[in-house]
**Student:** 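Following this message is one structure expressed as structure tokens.
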Number of protein chains: 2
Amino acid sequence: MTGKREQTKKDNRNAILEAAREVFVKLGYGATTVRDIIRATELASGTFYNYFKSKDEVFQAIQDENALRVRPRLRAERVRARNVEEFISGSFHTFFEYIATDRRTFAVIRRNADTMRVRMDTPEIIAGFDELRIDLLTAIEQGIFPPVDADYLMASLVGVAFEIGEHMLTREPIDTKAAANFATALFMGGFKALPHYVAATEAAA
Amino acid sequence: MTGKREQTKKDNRNAILEAAREVFVKLGYGATTVRDIIRATELASGTFYNYFKSKDEVFQAIQDENALRVRPRLRAERVRARNVEEFISGSFHTFFEYIATDRRTFAVIRRNADTMRVRMDTPEIIAGFDELRIDLLTAIEQGIFPPVDADYLMASLVGVAFEIGEHMLTREPIDTKAAANFATALFMGGFKALPHYVAATEAAA
DNA sequence: CTTAAAATTGACGCCTTGTCTTCAAAGACT
DNA sequence: AGTCTTTGAAGACAAGGCGTCAATTTTAAG
């Protein structure tokens, strides 16, 4: 017995999310209203607010779901890595393949005519960044990576991934391998030149 | 004689922009309304629309002004460069110093609680990116740079600049030189490893 | 001084927002 | 099965934003 109450709750939430995805792509994030979203469902306007506080929160929920889909893959890739190259190369390949495959989802993420860029501050996405930073620190401790500034390195990886990812999608045909190779080569060469670094807290210890 | 009409026109426009900067920082981009902006001036609501179509357009105008402030400096740095290192290093130093200095302006640019990230698609900013791409292509032609994928390289530079820039601002004290050195080293090392590349159009010729 | 053009004003109609009361359906208890 | 309680969907409502426009003031020109 599932409990009818629980079931409709899930159904309604999904209906709203699905409608939101649809409408965000069609109208763009900025132009869509909460009413646009519920109008695309069978529900009443007041019901929306039982599930989300605003259209922003729906957007976050969608982003979180996206992040949850890629994060485990990225994580697995990094844990499996036995050296720097596998770490970097695996991450880029996975990420680029994801955004190339999941185009429909990425359409929501991507630049909209009247909104900014990627929403990067949802809990899940932040958690993903943190995970990356910790994995980098671990790799440095284990001597897989040279002791560079993990925070800046993370920032660089993220920046390159998103920017190249976006350019990659504008090319025809979409070549995720070429994009990943470019990014990987950049970092593989760059590592050797990076200034070595000891975090302030560790230096004090 | 300046012409009184022209003068008040400029004054009004500036008043709106100044009020907008103030309000965007205070309330965040998403939460501010056109009314909030004009309320922070002496003007009437209708007047706003003689100058801008929406709050979005005001935001763009602010971004454009910002871009116009940095672009010439970046350009000069690149034109002066006699080799790869000067090109890269000069650009990063200039950019990081700019965002560190002009904090108030950057506060508008930076992540807001309820909006996304940087608006990257205003005409001036796009022009700035284009300028960078062209400078890169020129440098490649002149043999200063190896023949790499200029588009991806530009994307990487931009991604790294913005992401590291943001992290840099969270550290105390703010060390623009260290940030620039990190980014420069990454690319200096990375270059040598990048796959050589001939753009499709040129390859066809 | 008169007339024409330009630009500002603020009220207006339309729309969205988030809230709140009402009420039907689901589940609990006997 | 019958009654009571709780949940949550519904949809009306007040508050307030949006963009427009006729009226009015301000500047420039003749």
Side-chain angles (χ1 to χ4, degrees), chain A residues 1-63 108 112-116 119 122, chain B residues 1-62 108 112-116 119:
Chain A
M1 252 327 220
T2 58
K4 192 156 188 181
R5 223 141 219 175
E6 269 176 81
Q7 190 54 43
T8 42
K9 229 170 177 174
K10 268 183 201 162
D11 287 348
N12 285 349
R13 191 169 194 278
N14 281 336
I16 291 174
L17 283 175
E18 192 47 43
R21 264 186 275 266
E22 195 186 303
V23 178
F24 281 149
V25 172
K26 200 160 67 185
L27 304 183
Y29 175 80
T32 75
T33 69
V34 171
R35 299 299 150 130
D36 288 327
I37 297 171
I38 45 154
R39 246 177 253 129
T41 71
E42 311 250 294
L43 304 168
S45 63
T47 308
F48 177 92
Y49 295 95
N50 285 341
Y51 292 88
F52 301 98
K53 273 212 284 286
S54 62
K55 76 167 171 172
D56 210 75
E57 211 173 281
V58 185
F59 193 75
Q60 274 199 46
I62 292 174
Q63 295 292 65
V108 183
N112 254 321
D114 53 357
T115 148
M116 333 262 133
R119 156 132 231 166
T122 77
Chain B
M1 247 337 211
T2 59
K4 192 154 185 180
R5 218 140 224 174
E6 271 175 80
Q7 189 54 43
T8 41
K9 229 170 176 174
K10 270 182 202 163
D11 288 348
N12 284 350
R13 192 170 193 276
N14 282 336
I16 292 174
L17 284 175
E18 192 47 43
R21 264 186 275 266
E22 195 186 304
V23 178
F24 280 149
V25 172
K26 200 160 67 184
L27 304 183
Y29 175 80
T32 77
T33 68
V34 170
R35 262 28 182 209
D36 290 327
I37 297 171
I38 43 154
R39 247 179 253 129
T41 72
E42 310 253 292
L43 305 168
S45 65
T47 308
F48 177 91
Y49 296 94
N50 284 341
Y51 293 89
F52 302 97
K53 276 211 281 289
S54 62
K55 75 166 173 175
D56 210 74
E57 214 174 278
V58 185
F59 192 75
Q60 275 199 46
I62 292 173
V108 182
N112 254 318
D114 53 358
T115 148
M116 334 265 133
R119 155 133 233 165

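Proteins get letters first, then strands, A, B, ... in listed order; numbering begins at 1 in each. Please read these numbers as outputs of a predicted model, since none were measured by experiment.
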**Student:** Between atom CG in B/Asn50 and atom P in D/dT20, what is the gap in whole Å?
**Tutor:**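 In whole Å, D/dT20 P and B/Asn50 CG are 11 Å from each other.
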**Student:** Mark yes or no for a side-chain to base donor-acceptor pair under 3.5 Å between B/Arg5 and C/dA6, with no hydrogen or angle criteria applied.
**Tutor:**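 Yes, the side chain and the base share a sub-3.5 Å donor-acceptor pair.
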**Student:** Report the distance from atom NZ of B/Lys9 to atom P of C/dA5, rounded to the nearest whole Å.
**Tutor:**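 In whole Å, C/dA5 P and B/Lys9 NZ are 16 Å from each other.
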**Student:** Hey, is the side chain of B/Asn12 poking within less than 4.0 Å of OP1 or OP2 on C/dT8, counting only N and O atoms?
**Tutor:**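 Yes, B/Asn12 has a side-chain N/O under 4.0 Å of OP1/OP2 on C/dT8.
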**Student:** For the residue pair A/Thr47 / A/Asn50, report whether a side-chain donor-acceptor contact shorter than 3.5 Å exists.
**Tutor:**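 Checked: A/Asn50/A/Thr47 side chains show no N/O donor-acceptor pair below 3.5 Å.
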**Student:** For A/Glu6 and A/Lys9, run salt bridge (charged side-chain N to carboxylate O under 4.0 Å, His left out): C-alpha distance rounded to whole Å, both residues' side-chain angles, the deciding distance at 0.1 Å, then the answer.
**Tutor:** CA-CA 5 Å; A/Glu6 269 176 81; A/Lys9 229 170 177 174; over 6 Å; no
**Student:** Just checking, any donor-acceptor pair under 3.5 angstrom between side chains of A/Thr8 and A/Asp11?
**Tutor:**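 There is no such pair (donor and acceptor under 3.5 Å, judged by atom type) between the side chains of A/Thr8 and A/Asp11.
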**Student:** To the nearest Å, give me how far apart CG (B/Asp56) and P (D/dG17) are.
**Tutor:**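 Checked: the CG to P distance equals 18 Å.
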**Student:** Categorize A/Thr33 for me: base, sugar-phosphate, or nothing, with a 4.0 angstrom heavy-atom threshold over every strand shown.
**Tutor:**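 Sugar-phosphate, no base atom in range.
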**Student:** Can you measure A/Phe52 atom CZ to C/dT16 atom P for me and round it to whole angstrom units?
**Tutor:**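 About 20 Å, once rounded to whole Å.
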**Student:** Just the rounded figure in Å: distance from P of D/dG19 to CD of B/Glu57.
**Tutor:**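 One finds 11 Å between P of D/dG19 and CD of B/Glu57, rounded.
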**Student:** Both B/Leu43 and A/Phe48 contact DNA chain C. Taking the nearest nucleotide for each, which residue is further toward the 5' end?
**Tutor:**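 This one resolves to B/Leu43.
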**Student:** Look at all strands and tell whether A/Tyr51 reaches a base, only sugar-phosphate, or nothing, counting heavy atoms closer than 4.0 Å.
**Tutor:**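 Result for A/Tyr51 = sugar-phosphate.
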**Student:** Quickly work out the A/Gln7 CD to C/dG27 C1' distance and round it to whole Å.
**Tutor:**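 After rounding, the gap between these two atoms is 16 Å.
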**Student:** Side-chain N or O of A/Lys53 versus OP1/OP2 of C/dG18: is the shortest distance under 4.0 Å?
**Tutor:**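 Negative; the distance criterion is not met.
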**Student:** Think A/Arg39 has a side-chain N or O under 4.0 angstrom from the OP1 or OP2 of C/dC15?
**Tutor:**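 The answer is no; no side-chain N or O of A/Arg39 sits under 4.0 Å from OP1 or OP2.
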**Student:** Counting only heavy atoms not in B/Gln7 (residues, nucleotides, ligands), do more than 12 fall under 6.0 Å from its CD?
**Tutor:**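 Buried by this count: over 12 neighbours within 6.0 Å.
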**Student:** On DNA chain D, check which nucleotide each of B/Glu6 and A/Arg35 is closest to and give me the residue with the more 5' one.
**Tutor:**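 Here A/Arg35 is the residue nearer the 5' end.
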**Student:** Yes or no on side chain to side chain contact (heavy atoms under 4.5 Å, CB included) for B/Tyr51 and B/Leu17, after CA distance, side-chain angles and deciding distance?
**Tutor:** CA-CA 10 Å; B/Tyr51 293 89; B/Leu17 284 175; over 6 Å; no
**Student:** Please check the phosphate of C/dT9 (OP1 and OP2 only) for any side-chain N or O of B/Thr47 closer than 4.0 Å.
**Tutor:**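 Indeed, a polar side-chain atom of B/Thr47 lies that close.
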**Student:** Are OP1 or OP2 of D/dT26 and a side-chain N or O of B/Lys4 less than 4.0 angstrom apart?
**Tutor:**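 Checking D/dT26 against B/Lys4, no side-chain N or O comes under 4.0 Å of OP1 or OP2.
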**Student:** Separation of A/Tyr49 atom OH from C/dC20 atom C1', in whole Å?
**Tutor:**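 Value for this atom pair: 13 Å.
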**Student:** B/Ile38 has an atom CD1; how far is it from atom C1' of D/dG19, in whole Å?
**Tutor:**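 Interatomic distance, CD1 of B/Ile38 to C1' of D/dG19: 11 Å.
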